[in-house]
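Chain identifiers are assigned alphabetically (A, B, ...) following the order of the sequence lines, protein sequences preceding nucleic acid strands; residue numbering begins at 1 within each chain. Keep in mind the model is a prediction, meaning the values are calculated, not measured.
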Number of protein chains: 2
Amino acid sequence: MKRNSKLSSTLHILVHMAEAREGIQTSEQLASFIHTNPVVVRRTIAGLREAGIVASARGHGGGWQLARAPETISLAEICTALGETLLPFSTAPESPGCLVEQAVIAVLDDFRAEAERLLLQKLARVTLADIAADFRRRYAALGVTDHAV
Amino acid sequence: MKRNSKLSSTLHILVHMAEAREGIQTSEQLASFIHTNPVVVRRTIAGLREAGIVASARGHGGGWQLARAPETISLAEICTALGETLLPFSTAPESPGCLVEQAVIAVLDDFRAEAERLLLQKLARVTLADIAADFRRRYAALGVTDHAV
DNA sequence: GTTTCATGTAACTTATTTAGTTACGAATTT
DNA sequence: AAATTCGTAACTAAATAAGTTACATGAAAC
């Protein structure tokens, strides 16, 4: 898993979970989808469990599955549960007392608040089911192509 | 300059430039505002020069200044000139051939395109002059407070 | 025209961050 | 009881970005 691909990797895993026939998959199976190891997966999606997006079970036969229907899981919820902002630009003071810096921070903090609201609003309109449907379209298209050739 | 503070540090410098009486300031002076060194400053704002936001002059008496009135310099332009996206989440393929990944990338790329448009639209409405005006308000307020106390 | 000063930029070093790994306890099924 | 899987802490390794050094280029001062 590369540097800024936490979101895309998580979605990758979640769509595989949405499409999984078996239902439960181990963190090792999930890890193989994104070419990493099980601990990284468990750590990455721990927040999704706390948010009630996925459910995990320990012990023999344990593993992970979606906690609800993919139609009810929006990307906004996933982003929030991952605990990583989409807009990582910093506004931490580095020159306490500098009024110029304070003015800069004020405008950027305002921007961030409004921007995050807008972005989450957009992401709230896309669900895991939407991505899964697109996957199926691609799969079907590929199948047809194969038959045609 | 900390990890994700390229934007805030650059704005910090630019507002100082907008407020500078002398006009020209050396990269060493600019660097002192953000507690770093001149090479980092020159490297960071090189893109702003190419974009015609600031102008630099070499040699004795050389240095940096705004290339235009701060009223005409929007944060959108600055962000673009910095050459760093506000939304650094990755959508690079890591499992070529995986249709699930392709569906994920498609939705995220669409989102990014629309989101960046929205964000730049918001930032286009804020200029360096706006931040400078806020700085002056803060400065005046502090002055009054000091007198009052 | 030589000295001084400042930028422009490449190459290298250091620091920071994050992914990856190891290890092991807790929980659950067979 | 044995096997399996998660949960998590602690550590290691790799990647990234800032910081630094070095020096060529260009411009003003003398």
Side-chain angles (χ1 to χ4, degrees), chain A residues 1-10 12-13 17 20 22-51 53-67 81-85 88-90 92 94-95, chain B residues 1-10 12-13 17 20 22-51 53-67 81-85 88-90 92 94-95:
Chain A
M1 184 161 72
K2 296 218 183 81
R3 261 288 157 108
N4 292 314
S5 40
K6 200 162 157 184
L7 175 59
S8 58
S9 294
T10 300
H12 189 164
I13 284 174
M17 284 170 70
E22 326 84 62
I24 287 187
Q25 288 176 294
T26 66
S27 58
E28 185 152 12
Q29 292 175 296
L30 298 175
S32 74
F33 293 135
I34 60 171
H35 310 112
T36 184
N37 81 40
V39 178
V40 172
V41 169
R42 296 202 291 267
R43 195 157 58 197
T44 302
I45 64 179
L48 305 189
R49 182 186 55 230
E50 284 149 34
I53 293 170
V54 297
S56 65
R58 290 174 158 186
H60 195 114
W64 299 77
Q65 59 188 329
L66 295 185
L82 281 174
E84 242 187 14
T85 181
F89 64 83
S90 166
E94 294 177 37
S95 308
Chain B
M1 183 161 69
K2 294 216 184 80
R3 263 285 157 109
N4 291 314
S5 39
K6 201 162 156 183
L7 175 59
S8 58
S9 294
T10 300
H12 189 165
I13 284 173
M17 285 169 70
E22 328 82 62
I24 288 188
Q25 288 175 293
T26 67
S27 59
E28 184 152 13
Q29 292 175 296
L30 299 176
S32 74
F33 293 136
I34 60 171
H35 310 113
T36 184
N37 81 38
V39 178
V40 172
V41 169
R42 295 202 291 268
R43 195 158 58 198
T44 302
I45 64 179
L48 305 189
R49 182 187 55 230
E50 283 148 33
I53 293 169
V54 297
S56 65
R58 291 174 155 186
H60 193 113
W64 299 77
Q65 59 188 325
L66 295 186
L82 282 175
E84 240 186 17
T85 181
F89 64 82
S90 166
E94 295 177 34
S95 307

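Checked by atom type and distance alone, the side chain of A/T85 never pairs as donor or acceptor with a backbone atom of A/P88 at under 3.5 Å. Between the side chain of B/T44 and the backbone N or O of B/V40, at least one donor-acceptor pair lies under 3.5 Å.
At the heavy-atom level, A/A57 lies under 4.0 Å from the strands shown only through sugar-phosphate atoms. Backbone-only contact: A/G62 has heavy atoms under 4.0 Å from sugar-phosphate atoms and none from a base.
If you measure from atom CZ of A/R58 to atom C1' of C/dC24, you get 12 Å, rounded to the nearest angstrom. The CG atom of B/N37 sits 15 Å away from the P atom of C/dG8 (whole-angstrom rounding). The nearest whole Å value for the distance from the CD1 atom in A/I45 to the C1' atom in C/dA19 is 16 Å. Per the geometry, CD belonging to B/Q25 stands 15 Å off C1' belonging to C/dT7, to the nearest Å. One can place CD of B/Q65 at 14 Å from C1' of C/dA6, the figure rounded to the nearest angstrom. Spacing between atom NZ of A/K2 and atom C1' of C/dG20 amounts to 15 Å, rounded to whole angstrom units. In this entry the distance linking CG of B/L30 with P of C/dT7 reads 8 Å, nearest Å. What separates CD of A/E28 from C1' of C/dG20 is a distance of 15 Å, to the nearest Å.
Smallest separation of non-hydrogen atoms from B/A81 and B/L48: CB-CD2, 3.4 Å. For B/I13 against B/I34, the heavy-atom pair with the smallest separation is CD1-CD1, 3.7 Å. Considering all non-hydrogen atoms of both residues, B/Q29 and B/Q25 come closest at OE1-CA, 3.2 Å. For the pair A/M1 and A/K6, the tightest heavy-atom approach, listed with the atom from each and the gap, is SD-CA, 4.2 Å. Among all heavy-atom pairs drawn from B/P38 and B/E28, the shortest one is CG-CA, 3.8 Å.
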Between protein and nucleotides 13-16 of chain C, what N or O pairs are separated by less than 3.5 Å?
{"unit_1": "C/dT16", "atom_1": "O2", "unit_2": "B/R3", "atom_2": "NH2", "d": "3.1"}

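Residue order along DNA chain D, read from the 5' end via each residue's closest nucleotide, puts A/S56 first among A/S56 and B/S5. Taking the nucleotide of DNA chain C with the nearest heavy atom to each of A/R42 and B/R42, the more 5' of the two is matched to B/R42. In this structure, A/K6 and A/H60 both approach DNA chain C, and ranking their closest nucleotides by distance from the 5' end singles out A/K6. Nearer to the 5' terminus of DNA chain D, by closest-nucleotide assignment, is the contact made by A/G59 (compared with the other of A/N4 and A/G59).
A 4.5 Å side-chain heavy-atom check between B/R42 and B/S56 finds every atom pair outside the cut-off. Looking at heavy atoms from C-beta onward, A/R49 lies in side-chain contact with A/W64 at the 4.5 angstrom threshold.
Chain B approaches DNA chain D within less than 4.0 angstrom (heavy atoms of the protein), and the contacting nucleotides run 5' to 3' from D/dT16 to D/dA29.
Here C/dA23 is the nucleotide among C/dT28, C/dA23, C/dG8 with the atom lying nearest to any side-chain atom of A/V39.
For the OP1/OP2 pair of C/dG8 and a distance below 4.0 Å, the side-chain nitrogens and oxygens of B/R49 include at least one atom meeting the criterion.
With values rounded to the nearest 0.5 angstrom, A/H35 atom NE2 is found 8.5 Å from B/E94 atom CD.
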